[in-house]
Amino acid sequence: MIKPIKGFSKLTKNEKVAWVVATFFKDNSNAEALIKRYWNDDDALQQLHDEFIENTITNYYLPFGVAPNFLINDRLYTVPMAIEESSVVAAASKAAKFWLDRGGFKAEVISTTKVGQVHFMYYGDKDKLQEFFAAIKPKLIEDTAAITTNMKKRGGGILDIKLIDKTKALDNYFQLHCSFETLDAMGANFINSCLEQFAKTFKSEAQIYSSFSEKEKKVDVIMSILSNYVPECIVRAEVSCLVEELNEDKNIAPEEFANKFVKAVEIAQIEPYRAVTHNKGIMNGIDAVILATGNDFRAVEAGVHAYAARAGQYSSLTHASVENGVFKFWIELPLALGTVGGLTNLHPLVKLALEMLEKPSAKELMQIVAVAGLAQNFAALRSLTTTGIQKGHMKMHLMNILNQLGATTNEKDMIANHFEGKTVIHSEVVNMFHQLRAS
Ligand code: MEV
């Protein structure tokens with residue numbers, strides 16, 4: 001049984017490693033070496049990473065790949081992607097190339113409003129609360145001046161504050177529902193700082209509001225926090241072409257492919273079991289770009305899935321149609337992203353990723369990310385409705401199996417040749433590897 005440890009965060013990094021090794025890897029002399037093998041020789045770079053979080057003991061690598069040939073609004077992008085899942089980058093690149101030859105992707109940002117709330121309890125007359133709110137609303141905004149000056153200069157800031165009565169759902173529960181424009185920043189710090197100031201002013205003004213009774217003066221602020229649900233921070237991306245241009249796969253006629261594809265999307269629209277996997281595939285592309293560009297993939301995931309369920313049933317984020325001989329495929333989703341602040345200024349690879357994208361604004365990044373999701377979904381549905389996904393997946397998986405077995409380049413080539421065009425079955429790969437070694 002492990003014993004609790006006090007003051008772990010105060011230990012040096014070496015002491016933390018020593019504790020982990022002594023506690024979990026007594027019999028494994030490789031553990032310490034492995035942990036340290038991932039340390040970077042560049043001390044400054046290592047220190048930077050150590051300080052991102054608490055209790056860092058080592059680094060955890062993800063592959064950083066690029067998917068070239070993304071034509072978005074007539075501009076060519078090479079999209080950086082950080083992801084461990086084999087075949088995601090390959091699928092993105094393939095879809096990008098496919099649409100490059102058919103006019104590329106069109107994307108537009110529909111709205112950029114972000115939201116935060118002060119959640120509080122109020123025990124008293126509702127009309128008096130409304131009057132109080134109307135009286136102090138200008139002061140709520142005034143008191144955030146120090147926080148908002150720079151954002152306002154750039155054209156952003158607080159858009160509105162509304163008092164919302166939620167007492168039907170929870171006794172005595174009210175909100176200050178606040179909307180913000182945070183421009184190129186994701187805006188979490190800005191929004192949370194504003195909200196905490198609203199809460200402070202709201203509480204102190206209530207205490208001196210003469211119309212309130214003693215009970216009413218005691219506004220009970222429960223918490224102040226931004227919302228990752230951003231249904232008014234929406235981007236749309238689209239591809240379209242003549243049905244007859246869907247002619248890359250010789251094994252299926254363009255009309256049949258278009259119809260099967262539309263049906264696959266319709267299934268994801270009405271069947272939650274399928275919708276979750278369908279959207280997971282979309283998030284393969286989205287998360288990879290979000291991670292590479294230093295954005296918060298948990299925030300995006302939470303917001304996107306809530307949006308996918310906004311009608312009361314979880315549904316597809318993408319849509320497709322065939323009308324008058326034109327195939328159209330599009331995505332609409334909420335994305336609260338930043339291209340300044342946070343990790344974007346700190347992580348050297350994030351900076352590099354953003355430079356590769358030619359320093360996009362947050363709006364441009366929203367478009368690129370939405371396109372990455374749409375492309376990923378196109379690639380997945382294209383495989384699923386024609387060859388099935390295992391063919392492509394197992395090809396990449398084959399390399400993972402061979403790497404695990406420690407195969408040499410020569411052995412990899414021979415085994416890959418053998419499985420070319422065939423279904424890759426794990427046990428068969430292992431058998432062939434051992435046979436090769438034996439001979
Ligand atoms: C696998 O990571 C993603 C897919 O399952 C997505 C889908 O089914 O649409 C291939």
Side-chain angles (χ1 to χ4, degrees), residues 62-67 70 79-99 105 237-239 246 248-249 251-252 256-292 297-298 300-302 304-305 307-309 313-322 327-333 335 369-401 403 423-426:
L62 278 184
F64 181 112
V66 293
F70 269 97
V79 176
M81 302 177 98
I83 187 155
E84 88 300 345
E85 187 174 328
S86 54
S87 81
V88 167
V89 179
S93 306
K94 228 172 136 186
K97 178 70 180 50
F98 183 93
W99 286 106
F105 297 82
E238 179 186 309
V239 282
L246 297 169
E248 222 178 55
D249 190 339
N251 296 317
I252 184 165
E256 189 191 347
F257 170 71
N259 290 334
K260 271 184 102 169
F261 194 99
V262 170
K263 280 287 163 256
V265 175
E266 284 171 358
I267 290 168
Q269 278 164 351
I270 56 102
E271 165 55 53
Y273 276 95
R274 174 56 202 150
V276 171
T277 317
H278 178 96
N279 289 349
K280 187 275 179 187
I282 294 172
M283 298 316 286
N284 278 344
I286 290 187
D287 281 341
V289 187
I290 299 275
L291 263 176
F297 66 92
R298 287 85 56 210
V300 168
E301 284 276 350
V304 163
H305 296 300
Y307 186 76
Q313 177 178 303
Y314 192 85
S315 180
S316 165
L317 293 161
T318 52
H319 311 269
S321 67
V322 174
F327 170 80
K328 209 154 112 180
F329 179 46
W330 69 101
I331 187 168
E332 204 185 275
L333 82 169
L335 287 174
V369 169
V371 163
L374 187 70
Q376 207 66 42
N377 193 220
F378 180 77
L381 293 184
R382 191 174 168 204
S383 299
L384 286 168
T385 56
T386 56
T387 54
I389 56 155
Q390 281 314 84
K391 199 170 157 210
H393 267 206
M394 292 313 269
K395 210 165 159 185
M396 301 295 281
H397 189 51
L398 175 63
M399 280 306 137
N400 287 345
I401 301 172
N403 282 334
T423 310
V424 176
I425 295 168
H426 187 277

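Every number for a ligand or one of its atoms is a count from 1 in the order of the listing. Every value quoted in this text rests on a predicted model; they were computed, and no experiment measured them.
- Residue nearest to atom 1 (C) of ligand 1, selected from His278, Glu85, Met283: Glu85 (by heavy-atom distance).
- Contact atoms of ligand 1 toward Thr277: 5 (O), 6 (C), 7 (C), 8 (O), 9 (O) (distance under 4.0 Å to a heavy atom of the residue).
- At a cut-off of 3.5 Å, with distance as the only test, no side-chain donor of His278 or Gln269 sits close to an acceptor on the other residue.
- Listed by chain and residue number, Tyr314 satisfy the ring pair (Phe, Tyr, Trp, His ring centres under 6.0 Å) test with His305 (two or more places apart in sequence, or in another chain).
- For ligand 1, the atoms sitting less than 4.0 Å from at least one non-hydrogen atom of Asn284 are 1 (C), 2 (O), 3 (C), numbered in the order shown with element in parentheses.
- Residue contacts with ligand 1, taken as heavy atom pairs separated by less than 4.0 Å, involve Arg274 solely via side-chain atoms from C-beta onward.
- Within the structure, every pair that satisfies the salt bridge (charged side-chain N to carboxylate O under 4.0 Å, His left out) test and touches residues 262-273, not counting sequence neighbours, is listed here: Lys263-Glu266.
- Listed by number with element, the atoms of ligand 1 under 4.0 Å from a non-hydrogen atom of Lys280 are 1 (C), 2 (O).
- Residue contacts with ligand 1 for Leu384 involve side-chain atoms from C-beta outward but no N, CA, C or O (heavy atoms, distance under 4.0 Å).
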>> Applying side chain to side chain contact (heavy atoms under 4.5 Å, CB included) to Lys94 and Glu248, what does each step give before you reach the verdict?
In response: CA-CA 11 Å; Lys94 228 172 136 186; Glu248 222 178 55; 5.5 Å; no

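- Expressed to the nearest 0.5 Å, how far CD of Glu301 lies from CD1 of Ile286 amounts to 8.5 Å.
- Under 4.0 angstrom from ligand 1, there are no non-hydrogen atoms of Asn377.
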